[in-house]
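Residue numbers begin at 1 in each chain, while the letters A, B, ... track the order of the sequences. Just so you know, these numbers use all the heavy atoms, side chains as well, and skip hydrogens, waters and symmetry mates.
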Protein chains: 2
Amino acid sequence: MSGLLYAIGEVSRITGLSVKALRLYQEKGLLLPSRVDPSSGYRYYTERDIAQAHTLRALRDLRLSLEEIRGVLEELDQGASLSEHLTKVRARLADEAASAQRSVLALDTLLRHQEQAEAYLRAPPPLLERWLPGMRVAVHRARGRYSDASQVFPRLLAACGPKVGGAPFCLYHEAEYREDDADISWCVPLPPGARPEGVQVEELPEVQAATLVHTGPPDSVGPSWARLFAHLHAHERIPAVPLRETFLRVGANEAVSSSWRTELALSWEAKHGG
Amino acid sequence: MSGLLYAIGEVSRITGLSVKALRLYQEKGLLLPSRVDPSSGYRYYTERDIAQAHTLRALRDLRLSLEEIRGVLEELDQGASLSEHLTKVRARLADEAASAQRSVLALDTLLRHQEQAEAYLRAPPPLLERWLPGMRVAVHRARGRYSDASQVFPRLLAACGPKVGGAPFCLYHEAEYREDDADISWCVPLPPGARPEGVQVEELPEVQAATLVHTGPPDSVGPSWARLFAHLHAHERIPAVPLRETFLRVGANEAVSSSWRTELALSWEAKHGG
DNA sequence: CCTTGACTCTCCCCCAGGGGGAGACCGCCA
DNA sequence: TGGCGGTCTCCCCCTGGGGGAGAGTCAAGG
């Protein structure tokens, strides 16, 4: 029979959902008490309702919004495949997690470089959207870490001869931050007609990107990257690889932070069928 | 002189902050326009105001709340050390990131084990807070991965002889999830008086923990762990290591998911001076 | 039967961080 | 002088509830 009825306070104690939350879920149609006394308005819940409440709680603990929970509950009721809604939720949460993680890394940078941080916060560099022109580059692609630049660029520059077509840059082919083992292309733009030997040459297409010029040593770019990602996010654009760091001015010394100048460029995915 | 004044729409275009947001920041005292026309109410901003707006924007992009931004701005104005506020913000964001990351891992589990997922969502296991009793255990601690259990436990059990004091369990000494290279203790409870040879013996203290019994193969525990973390978070408790997985029933086959039963236990830090 | 204390009801205001829109001014150019 | 775009204030909306006021209810004990 299981005709047992539970008052709202008991359900709250059993499920760990607050009384306020239970009333809200009723109002939203997510969890209807099986019986509501017409004269007193008291809510009474059955065992089945409590099971539903537990489900709801499990989903809420996974940080689903009430709307998302509604979708999953309906799919559960109809025995449809869960994957449709859950895949979207996963994407949203992965986005959230990545964003928070980037902010943490950026804050670590700010905390490590105190004076740098004050300068950055007092006058954060302007953010511009522009087209990065297509160009021909000498390129060396490998897995490694940023600091390999000091070995790679001299080799590339030597192969290119005395004239180059612009500031050297790196392309990062994965969006996640990784200390080492990143998939990097080191690139040197070539002047028209140049035919360097012993290096690979590639033609890069033009691409639209959000860009800013960061001032400071190489390991202080975190907050600037976070800004670029936040900018795209605010405009509902999906960041695309590769990320580009162009070394406009390279300092001899990490201590003289203003002697470093790096342009960061983040492009985004073209709209599908747009 | 830079006596140039900018109307709110221009500032919005320059900084990327919406007009609504700019008015809100004024109301909250975060960004006051240098001049407000007394008769028309029009807001006019100077270059300095715009610099401040850029700072504000950079901080907002780092996911700081307006209250946190207020704190940082005041410290910037007074030239005090930034680290005080920023350290707190970092902690908050790291917490957020970890929570979202756990949810993503849990959702991945649910998507991988479809039927498992439905069973879990239809009847999520009850969550209990209880005291894990202190006990004497035979223990082998090493870096490795969960699946090493099939090698380690037979060795431990052989050393303990025919009688053991309870179900074997693992202790994870780091809170972050890692596929391999986790710091794990494999433990077998000992009956009173037992003196096994060739293995290390330890005395575990009793500890209070949030626990639940998960049904399903070992790689499906993600959502259950996420629930435990969310439970502690809701009660403003800080999770503590080690995490414990007690193997109540071990299935021969991953396919028969209901043949696996694992109790997860998450303890928390004692209140300081509480 | 009455009281008492613990529950529960509805209703309203509050939080962050703004978005959307109505209706009324304002500024500047032709 | 008209028009058009920018701006003003004011109000309601979103999420996921929390806090509390004032009134009604339930069950047990005297």
Should [X] and [Y] count as an ion pair when the cut-off is N to O under 4.0 Å?
X: B:Asp108; Y: B:Arg112; answer: no
X: B:Arg23; Y: B:Glu27; answer: no
X: B:Arg63; Y: B:Glu96; answer: yes
X: B:Lys88; Y: B:Glu68; answer: no

Mind listing the residues from residues 32-44 of chain A sitting with a heavy atom below 4.0 Å of DNA chain D? Number order is fine.
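When residues 32-44 of chain A is checked for heavy atoms under 4.0 Å from DNA chain D, the hits, listed by number, are A:Ser40, A:Tyr42.
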Taking only heavy atoms on the protein side, list every residue of residues 94-104 of chain A lying under 4.0 Å from any atom of DNA chain D, sorted numerically.
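Under 4.0 Å from DNA chain D: no residue of residues 94-104 of chain A.
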For [X] and [Y], does a side-chain donor sit closer than 3.5 Å to a side-chain acceptor?
X: A:His214; Y: A:Ser220; answer: yes
X: B:Asp61; Y: A:His233; answer: no
X: B:Gln52; Y: B:Tyr45; answer: no

Take atom CD of A:Glu115 as the centre, draw a 6.0 Å sphere, and report whether it contains more than 12 heavy atoms from other residues, nucleotides or ligands.
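Counting neighbours around CD of A:Glu115, 12 or fewer heavy atoms of other residues, nucleotides or ligands fall under 6.0 Å, so no.
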Is atom CZ of B:Arg130 surrounded by more than 12 heavy atoms (other residues, nucleotides or ligands) closer than 6.0 Å?
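Yes.
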So if I take residues 14-27 of chain B and measure heavy-atom distances to DNA chain C, which residues fall below 4.0 Å?
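Under 4.0 Å from DNA chain C: B:Ser18, B:Lys20, B:Ala21, B:Leu24, B:Tyr25.
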Residue-level proximity of residues 49-56 of chain B to DNA chain C when a heavy atom falls under 4.0 Å
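By residue number: none to list.
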For the pair made of [atom1] in [X] and [atom2] in [N], what is the distance, rounded to whole Å?
X: B:Leu62; N: C:dG17; atom1: CG; atom2: C1'; result: 17 Å
X: B:Tyr45; N: D:dG6; atom1: OH; atom2: C1'; result: 14 Å
X: A:Ile69; N: D:dG17; atom1: CD1; atom2: C1'; result: 13 Å
X: B:Arg70; N: C:dG17; atom1: CZ; atom2: P; result: 11 Å
X: A:Glu67; N: D:dT15; atom1: CD; atom2: P; result: 7 Å
X: A:Glu236; N: C:dG19; atom1: CD; atom2: P; result: 12 Å

At what distance, to the nearest 0.5 angstrom, does [atom1] of [X] lie from [atom2] of [Y]?
X: B:Leu212; Y: B:Trp225; atom1: CG; atom2: CH2; value: 8.5 Å
X: A:Leu266; Y: A:Arg237; atom1: CG; atom2: CZ; value: 10.0 Å
X: A:Tyr25; Y: A:Leu56; atom1: OH; atom2: CG; value: 6.0 Å
X: A:Leu30; Y: A:Arg70; atom1: CG; atom2: CZ; value: 5.0 Å
X: B:Arg13; Y: B:Ser18; atom1: CZ; atom2: OG; value: 13.0 Å
X: A:Gln208; Y: A:Glu129; atom1: CD; atom2: CD; value: 6.0 Å

Under 3.5 Å between N/O atoms: give me all the protein pairs with nucleotides 13-15 of chain C, atom names plus distance.
none

Which atom pair, heavy atoms only, marks the closest approach of B:Ala210 to B:Leu228?
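Closest heavy-atom pair between B:Ala210 and B:Leu228: O-CD2, 3.7 Å.
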Considering all heavy atoms, the nearest B:Ala240-B:Glu269 contact:
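Looks like CB-N, 3.8 Å.
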Is the shortest side-chain heavy-atom distance between B:Pro239 and B:Trp268 below 4.5 Å?
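Side chain of B:Pro239 against side chain of B:Trp268, heavy atoms only: no contact under 4.5 Å found.
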End axis versus end axis in the helix from C:dC1-D:dG30 to C:dA30-D:dT1, the angle rounded to 10°, five pairs used at each terminus:
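Rounded to the nearest 10 degrees, the bend comes out at 30°.
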Answer yes or no: does a side-chain N or O of B:Arg60 lie under 4.0 Å from OP1 or OP2 of C:dG17?
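The answer is no; no side-chain N or O of B:Arg60 sits under 4.0 Å from OP1 or OP2.
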With nearest nucleotides of DNA chain C determined for A:Arg13 and B:Leu66 from heavy-atom distances, which residue corresponds to the more 5′ nucleotide?
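Here A:Arg13 is the residue nearer the 5' end.
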